[in-house]
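A note on names: the letters A, B, ... follow the listed sequences, proteins ahead of strands, and every chain is numbered from 1.
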Protein chains: 2
Amino acid sequence: MAAARDGEGTRRKILGAAEELFAERGFDGTTIREVAERSGLSGPLILFHFQTKEGLYEAVKDDIVRRWQANLDGSPLPKGGAGAFVDVMIEAAFAFYRDNPTMVRIANWGRLAGDDAPWGGEEEIHRWYRTSLVEAQRRKEIRDDISPLAITALISGAVHVWWEFRGHMEEHVRQGSYEPLSDDAYLDQITAVIRRGLAPLGGEKEKEA
Amino acid sequence: MAAARDGEGTRRKILGAAEELFAERGFDGTTIREVAERSGLSGPLILFHFQTKEGLYEAVKDDIVRRWQANLDGSPLPKGGAGAFVDVMIEAAFAFYRDNPTMVRIANWGRLAGDDAPWGGEEEIHRWYRTSLVEAQRRKEIRDDISPLAITALISGAVHVWWEFRGHMEEHVRQGSYEPLSDDAYLDQITAVIRRGLAPLGGEKEKEA
DNA sequence: GTCTATACTTAGATAGAC
DNA sequence: GTCTATCTAAGTATAGAC
């Protein structure tokens with residue numbers, strides 16, 4: 001179906017196939033021929049729409065960011081200071097990795113290749129992190145001797161490793177180095193550790209398991 | 001120098017150039033011609049010694065593991081239970097990433113490409129982690145409601161992100177999303193948070209900054 | 001807009017002289 | 001062991017008919 005003369009539909013078919021392949025194999029590992037096969041279209045048609053392989057790659061990233069931002073618009077960032085902002089932050093990061101695997105993988109490939117530029121909209125998220133954390137520190141909801149950057153890195157890292165080292169960690173579990181652990185249990189446990197580690201100093205207000 | 005007939009020296013020159021390039025650009029992004037240029041040798045000579053590009057890649061990984069294990073033999077794993085095993089673990093992971101950047105990068109490229117197999121000697125490290133953590137839990141030095149896998153992932157993640165998202169995070173700092181933070185300060189801060197987050201429940205023995 | 005045919009380039013790998 | 005010359009396959013990209 002749609003075998004002829006449907007520019008927009010064709011573009012979307014190509015973008016879909018290319019996104020999968022770039023996520024799986026990276027830029028260098030993906031060929032236009034493979035994108036052509038997976039989308040059921042011809043190579044030249046892909047280049048007609050996107051000019052070059054680079055152009056296709058940029059279009060894929062733009063498309064991902066566009067969809068992601070359209071999604072964000074529906075659910076604005078919660079105001080920091082709901083009391084347990086750190087919990088919100090961990091949960092948000094955890095859900096983001098779970099729900100946007102191709103975006104994360106393409107970003108990972110890009111970062112390894114030396115592309116350190118933030119993706120569209122990322123700055124907004126980080127300013128939200130920083131502002132909310134500083135605010136929580138000001139209110140003495142979390143200790144104020146840990147920099148917001150360290151908190152963000154700690155949380156991002158814990159989440160990143162869980163989703164991106166998944167297969168690798170499963171190998172270690174298979175070899176008996178660790179007991180298996182469910183996604184939910186992991187989320188609960190790192191939340192408990194980080195929240196307690198960030199509790200205000202001096203106060204006896206640590207309670208949760 | 002060594003322009004003719006020095007098999008072992010040639011092998012090492014090739015391996016050195018190839019390790020750099022595979023770390024920078026990954027397997028697909030590296031060409032034998034580039035390895036030839038960087039090592040000052042010819043392409044066919046590389047294939048004479050390693051048969052195929054795949055063979056070269058495997059030889060590079062083997063060589064890295066060999067050097068790394070030779071290094072480990074000099075300093076055996078500390079026995080868990082020096083009191084603050086978690087601190088030791090964080091420091092060890094932090095130093096590992098800092099001191100083995102090409103190994104880490106090649107492993108990252110490989111993992112993205114779907115290679116989840118543990119590298120030689122890795123199992124030993126993870127069994128050390130697990131055993132020491134379980135032991136620390138048994139002695140009530142750290143809380144026992146957090147699984148060793150979660151602790152390992154939390155620590156690995158915090159360290160991984162710090163070294164592997166470095167350029168990316170610097171972009172965020174440059175954009176004003178965060179204040180700069182030194183390596184040492186980051187290490188101190190995540191150690192403080194994780195150690196406190198893992199302190200035994202119920203006890204009032206949290207003290208450090 | 002879409003395809004087939006094809007040009008051009010570069011990749012991995014081999015042949016064979018030295 | 002090492003090189004030059006070269007092969008073949010595969011890659012990106014273009015030409016031109018429909």
Taking 4.0 Å as the cut-off, does a side-chain nitrogen or oxygen of B:Thr10 come that near to OP1 or OP2 on D:dT2?
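For D:dT2, OP1/OP2 do have a side-chain N/O of B:Thr10 under 4.0 Å.
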Quick one: what's the B/S/- string for nucleotides 13-18 of chain D, heavy-atom cutoff under 4.0 Å, read 5' to 3'?
BB----
Separation of atom [atom1] in [X] from atom [atom2] in [N], rounded to whole Å:
X	N	atom1	atom2	answer
B:Ile46	C:dT14	CD1	C1'	15 Å
B:Phe50	C:dA13	CZ	C1'	16 Å
A:Ile14	D:dT12	CD1	P	14 Å
B:Leu45	C:dA13	CG	C1'	14 Å
B:Arg12	D:dG1	CZ	P	13 Å
A:Lys13	C:dG1	NZ	P	14 Å
A:Glu37	D:dA10	CD	P	12 Å

Can you pull out every side-chain hydrogen bond (donor to acceptor under 3.5 Å, both in side chains) where at least one residue sits in residues 177-187 of chain A? Sequence neighbours excluded, please.
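side-chain hydrogen bond (donor to acceptor under 3.5 Å, both in side chains) check on residues 177-187 of chain A returns A:Trp162-A:Asp183, A:Arg166-A:Asp183, A:Tyr178-B:His126, A:Tyr178-B:Thr152.
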Any ring-ring contact (aromatic ring centres under 6.0 Å, His included) involving residues 30-50 of chain B? Give me the pairs, sequence neighbours left out, ordered by first then second residue.
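Counting only pairs at least two positions apart or across chains, no ring-ring contact (aromatic ring centres under 6.0 Å, His included) contact touches residues 30-50 of chain B.
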Side chain of B:Thr30, backbone of B:Leu21: donor and acceptor closer than 3.5 Å?
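Yes, because the side chain of B:Thr30 sits within donor-acceptor range (under 3.5 Å) of the backbone of B:Leu21.
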Checking A:Arg25 now: which residues fulfil salt bridge (Lys or Arg N to Asp or Glu O under 4.0 Å) with it, not counting sequence neighbours?
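By the salt bridge (Lys or Arg N to Asp or Glu O under 4.0 Å) rule, A:Arg25 matches A:Glu34.
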Going by the rule salt bridge (Lys or Arg N to Asp or Glu O under 4.0 Å), which residues pair with A:Glu164 if we only count those two or more places apart in sequence or in a different chain?
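Once residues adjacent in sequence are excluded, A:Glu164 has no partner under the salt bridge (Lys or Arg N to Asp or Glu O under 4.0 Å) criterion.
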Could you pull out all residues at least two apart from B:Phe165 that satisfy ring-ring contact (aromatic ring centres under 6.0 Å, His included)?
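Listed in chain order: A:His160.
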Considering heavy-atom distances to DNA chain C, does A:Phe48 or B:Glu34 have its closest nucleotide positioned more toward the 5' end?
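Final value for this comparison: A:Phe48.
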